[in-house]
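The shown structure was predicted, so the numbers you read here are calculated from the model rather than taken from an experiment. Here, residue 1 is the first one in the sequence, and each next residue gets the next number.
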Amino acid sequence: MQMHAHHPKSKSMPSGSRTRDSYQAVRGSFIWYHSPPLLILITATLALFRTWISRGHPGGTDSGFLYSGMVFYRVHGLGLFTVWLSTPFGQVSQYSIYWFLSMLMTVFRSALFIYNLAAVSIALVSAFGMYAISWSWGHSRLGALAAAVFYSFSPLSAAQWLAGYLDVQISMALGPLMIWSVNRVIDTGSKRAALGLGLCFSALLLLTTGQAAYWILAVMIFVIGKCLINYRNIVTIVRRAVPGVVIALAVFVVASVVQLLPWLFGAHAAFAGGGNLIIATLAEHANYSMPFSDGILGVPRETWLPTGSNLSFTSFNSPLFIVPETCILVLAGLSVLTRKGSFCVILLILAVTAWFIAAGPYGPVGSAYIAVWKHLSYFRELRVPNRWLMLSSFAIAIMLAIAIAATAEKYSKFIRRHRSSRSSEIRHGHIDLDVWYSSTSRGPRGIVAASVYHSFLLTLEAASLLALSCGSILAQGLPTITPPASYIK
């Protein structure tokens, strides 16, 4: 780590003290630097869940199945994973997250508390994870916050909360972290990234119903794209990545042994008993598809709202939604013209692929979709093509972060060229805090002014994107229900 901060007493201080003080200064600046966007994400998350936390029962379509089922499992001593025993609940038993949360009932006696804790935790992991990933690839707070809000509070994400699909939300939270880990393993051979990759894949297996399948496609596109871009160094990439892949596989097997061992000996969940399932029919796939144009705009197939109600501050077919969303897509598309253009091309291919699949069997590539449906049995069980939009939302969010970062970089260079004053630089990795501090003026007042100014920009940006994506739901809070007294008893 290179330090460029000038210390007035550096000549008289021991080198160890200088290093320790410099590290503490950078660490404190780093935390302060990222606190405004993280506080905005926390505030938005708590605002969305305030009705679930403060009163009533979560009103998601499947929410009642989950938290009522947890009580049943606890009373009957069934706090185990799906693969271990059969239950008469049919579809309700399909989500492994049910079983994981039911085990927590031995510690926390309230099913509603566990459900709300899980929901808020998943939402924060999704938002913080996207912010961290976007920051690592773009190095811009504005860009990272825009990506986190665009992805974690997207209409698709909000619709999953309204439906009560915790397993889909887990997939949306962990999928981007898995992609980031894959990218790190390819680029640097990072052992810690390999460890994270194995844990993410294990969690997707244990806590969701096959939701890892969406992200496996993303991993394939990333790996192929990175290899094609760096084809001259393919041997180096392979040598660097192989140890990481071995570590990831080992971690995955060890972490997933509770489910892999029963599978090895022929056990299976009751709901996956074979036969022709209704969810696997082509008509079911078509029913959960959306027009290609709606997919590009990120419109979810399921909103679970009364007629006349909206997720956004306006309807999805209104110009007030279509025009701003189109501008966001255009801005994200401009990222291919930046220094990270080749990387953004991979993201663009991922987004376009997801858009085509999300259109379903009667979309622009319907014949290819039907061919895959006929010959790939697991693909038939992914009955909601619209959920492939989680990949396009991720790709567009990262491209948006990179485009905003490139714009901010040009602005910073312009400011530097037109500033005669000089200020000390404090660097930590790729973070140039001098751009933040000296973009206005020097001294404590300048720092405060810069902090207030940038916090205002971050808040304005987040508020605009939140209003566009889920403004109506955010204003009202997630819906709740009031079950009959006999049900609660």
Side-chain angles (χ1 to χ4, degrees), residues 125-126 128-139 144 147-148 151-152 170-208 210-256 335 340-354 357 387-402 429-430:
V125 168
S126 176
F128 284 12
M130 273 303 295
Y131 179 85
I133 293 169
S134 303
W135 166 260
S136 70
W137 284 340
H139 310 304
Y151 178 79
S152 300
I170 290 174
S171 179
M172 293 190 70
L174 296 181
L177 296 175
M178 188 166 72
I179 298 300
W180 181 86
S181 299
V182 168
N183 192 72
R184 286 285 293 174
V185 170
I186 293 175
D187 287 347
T188 67
S190 170
K191 304 301 187 295
R192 287 185 293 182
L195 173 64
L197 174 60
L199 291 176
C200 285
F201 195 32
S202 175
L204 286 172
L205 171 69
L206 297 178
L207 302 180
T208 73
Q211 301 298 322
Y214 302 104
W215 297 101
I216 290 176
L217 174 64
V219 168
M220 293 172 57
I221 292 176
F222 258 80
V223 171
I224 294 173
K226 297 283 287 188
C227 290
L228 290 177
I229 291 174
N230 301 284
Y231 69 93
R232 294 181 179 178
N233 301 316
I234 190 67
V235 175
T236 303
I237 291 176
V238 172
R239 288 177 179 175
R240 191 165 51 206
V242 166
V245 173
V246 172
I247 292 174
L249 287 175
V251 171
F252 166 74
V253 170
V254 171
S256 308
S335 63
K340 294 182 178 290
S342 57
F343 179 73
C344 292
V345 168
I346 299 176
L347 292 168
L348 181 60
I349 292 173
L350 175 61
V352 173
T353 302
I357 300 177
R387 289 180 189 168
W388 288 95
L389 292 182
M390 69 176 75
L391 303 186
S392 60
S393 295
F394 165 75
I396 296 300
I398 299 298
M399 293 173 67
L400 180 64
I402 292 174
H430 294 282

According to the interplanar angle, ranging from 0 to 90°, do the rings of Phe222 and Trp137 count as parallel (below 30°), tilted (30 to 60°) or perpendicular (above 60°)? parallel
[X] [atom1] to [Y] [atom2] distance, which is reported to the nearest 0.5 Å:
{"X": "Asn230", "Y": "Ser342", "atom1": "CG", "atom2": "OG", "value": "7.5 Å"}
{"X": "Arg240", "Y": "Ile186", "atom1": "CZ", "atom2": "CD1", "value": "9.0 Å"}
{"X": "Trp388", "Y": "Leu217", "atom1": "CH2", "atom2": "CG", "value": "5.0 Å"}
{"X": "Cys200", "Y": "Trp180", "atom1": "SG", "atom2": "CH2", "value": "10.0 Å"}
{"X": "Cys344", "Y": "Ile396", "atom1": "SG", "atom2": "CD1", "value": "10.0 Å"}
{"X": "Ser256", "Y": "Phe201", "atom1": "OG", "atom2": "CZ", "value": "8.0 Å"}

Side chains of [X] and [Y], heavy atoms from C-beta outward: is any pair under 4.5 Å?
{"X": "Leu174", "Y": "Leu177", "result": "yes"}
{"X": "Lys226", "Y": "Asp187", "result": "yes"}
{"X": "Phe394", "Y": "Met130", "result": "yes"}
{"X": "Leu391", "Y": "Trp215", "result": "yes"}
{"X": "Ser335", "Y": "Lys340", "result": "no"}
{"X": "Phe343", "Y": "Ile398", "result": "yes"}

Is a side-chain N or O of Tyr214 found less than 3.5 angstrom from the main chain of Leu389, in a donor-acceptor match?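 Answer holds: no.
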Do side-chain atoms of Ser152 reach the backbone of Ser126 as a donor and acceptor pair under 3.5 angstrom? yes
Exercise: identify the closest heavy-atom pair between [X] and [Y]:
{"X": "Ala194", "Y": "Gly244", "answer": "CB-O, 3.2 Å"}
{"X": "Ala395", "Y": "Ala351", "answer": "CB-CB, 3.9 Å"}
{"X": "Ala173", "Y": "Pro176", "answer": "O-CD, 3.8 Å"}
{"X": "Ser134", "Y": "Ala147", "answer": "OG-CB, 3.0 Å"}

Might you work through the side-chain contact (heavy atoms from CB on, under 4.5 Å) test for Val185 and Ile247, ending with a clear yes or no? CA-CA 10 Å; Val185 170; Ile247 292 174; over 6 Å; no
Check the pair Leu204, Met178 against side-chain contact (heavy atoms from CB on, under 4.5 Å), reporting the backbone distance first and the verdict last. CA-CA 10 Å; Leu204 286 172; Met178 188 166 72; 3.9 Å; yes
Take Arg192 and Arg184 through the test side-chain contact (heavy atoms from CB on, under 4.5 Å) and record every step on the way to the result. CA-CA 9 Å; Arg192 287 185 293 182; Arg184 286 285 293 174; 6.0 Å; no
Criterion side chain to side chain contact (heavy atoms under 4.5 Å, CB included) against Ile170, the qualifying member of Val125, Leu207, Leu206: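 One option only clears the test, and that one is Leu207.
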Chi angles and distances behind the side-chain contact (heavy atoms from CB on, under 4.5 Å) call for Asn183, Ile179: CA-CA 6 Å; Asn183 192 72; Ile179 298 300; 5.6 Å; no
